[in-house]
Amino acid sequence: MLRQKLSKRYQNFGHPIHLLLYFDIDAPHLEGPIPPIPFEQEAMHVMEPMLRQSMGPFSKVWYFDRYRRTVLWSYP
């Protein structure tokens, strides 16, 4: 989903855009091998390198766990 959002174009009229992605892995119906590694490792080894390469149109990216109602991770 992150890769898909980074490739889109958005009109920002000169204002910063933040991306908010929801993390749902703790939902009982989604348990299993997705992602195949713990979230912290996924963020560090997959998402962070992708964002270092290109933030797309975004100035900040947030990952929000909607079941715990907390921010899990943000970049930068």
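In what follows, every heavy atom counts, from backbone to side chain, and hydrogens, waters and symmetry copies are set aside. Bear in mind the structure is a predicted one, so any value in this text is a computation, not a measurement.
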Please answer whether the main-chain N or O of P76 pairs with a side-chain N or O of K60 as donor and acceptor at a distance below 3.5 Å.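 Yes; judged by distance alone, with no hydrogens or angles, the pair exists.
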Over all heavy atoms of both residues, which pair between [X] and [Y] is shortest? Give the atoms and the distance, please.
X	Y	answer
M44	P49	O-CD, 3.3 Å
F58	H18	CD2-C, 4.0 Å
R69	R66	CG-O, 3.6 Å
L6	P57	O-CD, 3.8 Å

Show which residues join F64 in its hydrophobic cluster (side-chain heavy-atom contacts under 4.5 Å, direct or indirect), or state none.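 Taking Ile, Leu, Val, Met, Phe, Trp and Tyr as members, F64 shares its hydrophobic cluster with L20, Y22, W62, V71.
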For F13, what are the other residues in its hydrophobic cluster, where any two members join if their side-chain heavy atoms are less than 4.5 angstrom apart?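 The other cluster members (ILVMFWY side chains, heavy atoms under 4.5 Å, direct or chained): none.
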Under the side chain to side chain contact (heavy atoms under 4.5 Å, CB included) test, residues paired with Q53 that sit two or more places apart: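 Side chain to side chain contact (heavy atoms under 4.5 Å, CB included) check on Q53 returns nothing, list empty.
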Apply the test side-chain contact (heavy atoms from CB on, under 4.5 Å) to residues M47 and Y75: give CA-CA distance (whole Å), side-chain angles for both, the deciding distance (0.1 Å), then the verdict. CA-CA 9 Å; M47 294 181 284; Y75 185 86; over 6 Å; no
Using the side chain to side chain donor-acceptor pair (under 3.5 Å) criterion, which residues pair with H15? Sequence neighbours excluded.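 Side chain to side chain donor-acceptor pair (under 3.5 Å) check on H15 returns nothing, list empty.
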If I take atom [atom1] from residue [X] and atom [atom2] from residue [Y], how far apart are they, to the nearest 0.5 angstrom?
X	Y	atom1	atom2	answer
S59	L19	OG	CG	10.0 Å
D65	T70	CG	OG1	7.5 Å
L2	L51	CG	CG	5.0 Å

Any pair with a residue in residues 1-11 that passes side-chain hydrogen bond (donor to acceptor under 3.5 Å, both in side chains), sequence neighbours left out, goes on the list, sorted by first then second residue, please.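 Residue pairs passing side-chain hydrogen bond (donor to acceptor under 3.5 Å, both in side chains), neighbours aside: none found.
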